[in-house]
Amino acid sequence: MLKRALICAAILLIASSCAKSAASIRPTSTPTTVASAELSPVPATFPSLPALTPTSSASPTPFTAFTVKPAVDNLKIRVNPGRLFEALMMVNQTDELTVLGTAPGSEWTYVKTADGSEGWVFSQLLQSSVDLSRVPVREPKNVVIIKGRVVDVSGMPIQGIGFDVSQGESSDVSSNPAFTDANGLFFSFLPDTASGAWKVSFTATDCKSNIWSDSTCTTYKPGFTGNVDPLTQTVNLPQSAEPLTFTLR
């Protein structure tokens, strides 16, 4: 009994100390952002404490423009991201381009030339020491977007899967290629006048895909065969909010 009495007295002493500390705490301001994690509930025998205001918060590092050079001569700078848009001009490997952003999916980069002209170039044709997929997204204007995704049978995103987006069946029909990003998503940008039915067909698997087990990109990881299901889908523009879904097996 004496031992139990001592424990109860200790608990009462701790509760009294917490109540005294709580009375001296005053929030300096109301936070504008609430963290997603939740605090564990305070036991009913203890008084509730007011939320503490963080004394400082980390700010995102602002994007700083940087320069790159074309990997090839006669690189086309286009009005919008995609082969179906006209070229504004061409630049050579000796020209410097300032990176201002990337389109969703990071396949196309928005750049400014030395004379102040701005436009879009295919990201894989740029020499860059910076990972262009980390450049802030710049939404292109006056475009129609066909969006799709590729996952494996467990739902894991698959990167580096190529598709061709085209309309019509003639051999000279214009097409627009697109590859999936690290999130398994691909974006095909079309002129805002595009309408009707468009065919989206699997074409290739890039060496940067996460299905390869070796650096030579010749052997699949266990469980993969490299087959995409379905091989082709048709989408009527404008596309619904849901992307086309393909499964890589």
Side-chain angles (χ1 to χ4, degrees), residues 68 70-72 74-91 97 99-113 117-126 132-133 135-151 157-206 208-209 228-248:
V68 296
V72 297
N74 300 319
L75 175 62
K76 293 179 179 179
I77 297 181
R78 297 183 182 273
V79 175
N80 263 317
R83 284 188 184 176
L84 302 185
F85 295 98
E86 66 176 324
L88 293 170
M89 59 188 301
M90 291 191 295
V91 291
L97 304 172
V99 173
L100 301 178
T102 60
S106 301
E107 276 201 281
W108 292 84
T109 300
Y110 191 71
V111 300
K112 180 167 67 174
T113 65
S117 300
E118 296 182 6
W120 297 88
V121 296
F122 191 54
S123 300
Q124 292 188 33
L125 297 181
L126 293 175
L132 294 176
S133 68
V135 174
V137 169
R138 185 186 186 101
E139 295 288 345
K141 299 179 180 180
N142 304 318
V143 298
V144 172
I145 303 176
I146 292 179
K147 181 179 178 181
R149 64 182 175 187
V150 179
V151 296
I158 303 297
Q159 182 179 11
I161 305 302
F163 293 87
D164 190 65
V165 179
S166 61
Q167 187 176 46
E169 300 295 337
S170 62
S171 58
D172 61 347
V173 66
S174 296
S175 61
N176 205 36
F179 278 84
T180 56
D181 62 12
N183 297 312
L185 295 172
F186 68 85
F187 302 83
S188 182
F189 302 95
L190 310 175
D192 58 3
T193 55
S195 61
W198 287 71
K199 185 170 64 175
V200 181
S201 305
F202 165 69
T203 56
T205 301
D206 192 84
K208 65 182 178 182
S209 178
V228 173
D229 182 34
L231 290 174
T232 300
Q233 290 194 59
T234 299
V235 57
N236 288 293
L237 299 181
Q239 185 181 7
S240 65
E242 289 299 316
L244 302 174
T245 299
F246 296 83
T247 303
L248 190 139

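- The side chain to side chain contact (heavy atoms under 4.5 Å, CB included) search around Ala241 returns none, not counting sequence neighbours.
- The nearest pair of heavy atoms linking Leu231 to Val228 is CD2-O, 3.4 Å.
- The shortest distance between side-chain heavy atoms of Phe163 and Ser201 does not fall below 4.5 Å.
- Closest non-hydrogen pair, Gln159 versus Lys208, comes out as OE1-O, 3.9 Å.
- Taking the side chain as every heavy atom from C-beta outward, Leu126 and Leu97 approach each other to under 4.5 Å.
- The two residues Val135 and Gly101 have their closest heavy-atom pair at CG1-CA, 3.5 Å.
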Sequence neighbours excluded and cut-off under 3.5 Å, please list the side-chain donor-acceptor pairs for residues 139-150, or say none.
{"unit_1": "Arg149", "atom_1": "NE", "unit_2": "Thr245", "atom_2": "OG1", "d": "2.9"}
{"unit_1": "Arg149", "atom_1": "NH2", "unit_2": "Thr245", "atom_2": "OG1", "d": "3.4"}

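- Residues that satisfy the side chain to side chain contact (heavy atoms under 4.5 Å, CB included) test with Pro191, not counting sequence neighbours, are Leu84, Phe85, Thr193.
- Tyr110 is linked by a ring pair (Phe, Tyr, Trp, His ring centres under 6.0 Å) to Trp120, counting only residues two or more places apart in sequence or in another chain.
- The two residues Gly119 and Leu88 make their nearest non-hydrogen contact at CA-CD1, 4.4 Å.
- Contact record, Ala194 with Trp198: CB-CZ2, 3.9 Å, taken as the closest heavy-atom pair.
- Applying the salt bridge (charged side-chain N to carboxylate O under 4.0 Å, His left out) rule to pairs touching residues 182-191 yields nothing, sequence neighbours excluded.
- Under a 3.5 Å cut-off, the side chain of Gln167 and the backbone N or O of Ser195 do form a donor-acceptor pair.
- Two residues are said to be in side-chain contact when any heavy atoms from C-beta on lie closer than 4.5 Å; Ile161 and Phe186 fail this criterion.
- Side chains of Val91 and Val111 form no contact here, defined as non-hydrogen atoms less than 4.5 Å apart.
- To the nearest 0.5 Å, the span separating CZ on Phe179 from CG on Leu185 amounts to 15.5 Å.
- The backbone N or O of Ser123 lies less than 3.5 Å from no partner atom in the side chain of Thr109, so there is not a single donor-acceptor pair.
- Residues passing the ring pair (Phe, Tyr, Trp, His ring centres under 6.0 Å) test with Phe122, sequence neighbours excluded: Trp108.
- Residue pairs meeting the salt bridge (charged side-chain N to carboxylate O under 4.0 Å, His left out) criterion with at least one partner in residues 184-202, sequence neighbours excluded, are Glu169-Lys199.
- One finds the CE atom of Met89 at 10.5 Å from the CG atom of Leu75 (value rounded to the nearest 0.5 Å).
- Between the side chain of Thr180 and the main chain of Ile158, a donor-acceptor pair closer than 3.5 Å is present.
- Scanning all heavy atoms of the two residues, the minimum distance from Lys112 to Leu100 falls at CB-CD1, 4.0 Å.
- Asp181 places a side-chain N or O within 3.5 Å of a backbone atom of Asn183 that can act as its donor or acceptor partner.
- Remark: Thr234 pairs with no residue by the side-chain hydrogen bond (donor to acceptor under 3.5 Å, both in side chains) rule, at least two apart or across chains.
- Using a 4.5 Å cut-off on side-chain heavy atoms (C-beta onward), Ser106 and Leu132 make no contact.
- Put simply, the side chain of Lys76 does not reach to within 4.5 Å of the side chain of Leu125, judged on heavy atoms.
- Arg83 pairs by the side chain to side chain contact (heavy atoms under 4.5 Å, CB included) definition with Asn176, Pro177, not counting sequence neighbours.
- Within the structure, salt bridge (charged side-chain N to carboxylate O under 4.0 Å, His left out) pairs that include any residue of residues 228-239 comprise Asp229-Arg249 (at least two apart or interchain).
- Residues forming a side chain to side chain contact (heavy atoms under 4.5 Å, CB included) with Pro136 (at least two apart in sequence, or on another chain): Phe63.
- Phe187 meets the ring pair (Phe, Tyr, Trp, His ring centres under 6.0 Å) test with no other residue; sequence neighbours excluded.
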